[in-house]
Every structure is written in structure tokens, then in C-alpha cells.
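Since the structure comes first, as C-alpha cells, the remarks are kept for the end.
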Amino acid sequence: MCCKALGAVDYLKISEVFDTVILRDVPQLSLNHKSEARRFITMIDTFYDKKVRLVVSSSVPAAQLFVAKEEITEIEMTERRMLMDDLKIKQEEKVSIFSGEEELFAFDRTISRLAEMQTEAYWLERTQPQSYKQDNSDS
């Protein structure tokens, strides 16, 4: 679900329709997959806020879903240098848009939320989808 160009609005709509979501085969993400990682973080944040029950399967434990490794091609390195030159950033400066620090911080929060989302207390907070409640309140 995070490989598609979805955003918070899409995840909000899903949370309105479904009270439980099952994600299968969630891959381990790295800095080479920042867009997918950001979408995953947004999805988890949205589902957490809306109390969506979440079942996740992955070949790695939740704590290892995001790793801070990156393989950069020579072309990507050249593009980064050009961008830094355009922005007048010195080569020796540590730049967060490349370092992945923001993603690492946000992913730590995501791991914490995933753990909480597996608790019985969390699962009992939402009993039926929002759309079901709205549809039946008219009768």
C-alpha cells in the first residue's frame, strides 16, 4: 500500500471505511525507499489516530522495518552535489534531506505506535467503522 502514491487523505478514507486493516509482506525499508517509508509513517499515524486495528506481517520484526543504510549510485551522488551547490550548502555539512535523520526519528515513533496498536486496550477502543456509525445514526 505504501508503494502507491497515496497520502493522508487516502489513509483517512480507508480509516473511515474499515475498522481493521491487514498488511501482508511489509518489506524492510531503507533510506533508498524514503518515499515509501514516509507513506508508511503517514499511514500508521493516521490509523493510530483513528484507532484502526492493524495486522501486519513482515519477514522482519517491527523494530527492524526501517534500516539506516543507503546505497547511492554515482549519478545520485552527482545530483546531490549539484543540489547542494545550488542551495549553497558546503560539502562537509551534514544535510538532513540526505541523512534520513527525520525518517529515523519518525520511524522510532512509528515502531512505538505499532507496538501500542497490538495491545488489547487499543483493539477495544474502536468497535465499528465510522461509516457504519454514521449510516445507522439516521435510522
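Computed from a predicted model, the values in this text were never measured in an experiment. Residue numbers count from 1 along this sequence.
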Quiz item: What pairs with Val55 under side-chain contact (heavy atoms from CB on, under 4.5 Å), at least two apart in sequence or on another chain?
Solution: Ile22, Trp123
Quiz item: With hydrophobic residues grouped by side-chain heavy-atom distances under 4.5 Å, do Tyr11 and Val17 end up in a single group?
Solution: yes
Quiz prompt | Flag, side chain of Gln28 to backbone of Gln64, donor-acceptor distance under 3.5 Å | solution = yes
Quiz prompt | Contact check, side chains of Val21 and Ile14, non-hydrogen atoms, under 4.5 Å | solution = yes
Quiz item: So how far is it from Lys51 NZ to Met117 CE, rounded to the nearest 0.5 Å?
Solution: 8.5 Å
Quiz item: Among the clusters formed by ILVMFWY side chains lying less than 4.5 Å apart, do Met43 and Leu114 turn up in the same one?
Solution: yes
Exercise. With sequence neighbours excluded, tell me which residues meet side chain to side chain donor-acceptor pair (under 3.5 Å) with Tyr48.
Key: Glu116
Practice problem: For residues Asp19 and Arg53, determine if any side-chain heavy atom of one lies less than 4.5 Å from a side-chain heavy atom of the other. | Solution: yes
Self-check item: With Gln118 via side chain to side chain donor-acceptor pair (under 3.5 Å) - residues at least two apart
Solution: none
Quiz prompt | By salt bridge (charged side-chain N to carboxylate O under 4.0 Å, His left out) - contacts of Asp45 (at least two apart) | solution = Arg109, Arg113
Quiz item: Can Leu12 be reached from Ile41 by stepping across I, L, V, M, F, W or Y side chains whose heavy atoms are under 4.5 Å apart?
Solution: no
Quiz prompt | Heavy-atom pair with the smallest gap, counting every atom of Phe66 and Ala37 | solution = CE1-CB, 3.6 Å
Self-check item: Non-hydrogen side-chain atoms of Leu54 and Thr20 separated by less than 4.5 Å
Solution: no
Exercise. Name all residues meeting the side-chain contact (heavy atoms from CB on, under 4.5 Å) criterion together with Ser112; count only those two or more places apart in sequence or in a different chain, and write none if there are none.
Key: none
Exercise. Might you point out which heavy atoms bring Val52 and Ser15 nearest each other, and give the distance in Å?
Key: CG2-CB, 3.4 Å
Quiz item: When rounded to the nearest 0.5 angstrom, what is the spacing between CZ in Phe107 and CD1 in Ile44?
Solution: 8.0 Å
Quiz prompt | Listed partners of Ser57 passing side-chain contact (heavy atoms from CB on, under 4.5 Å), at least two apart | solution = Arg24, Asp25
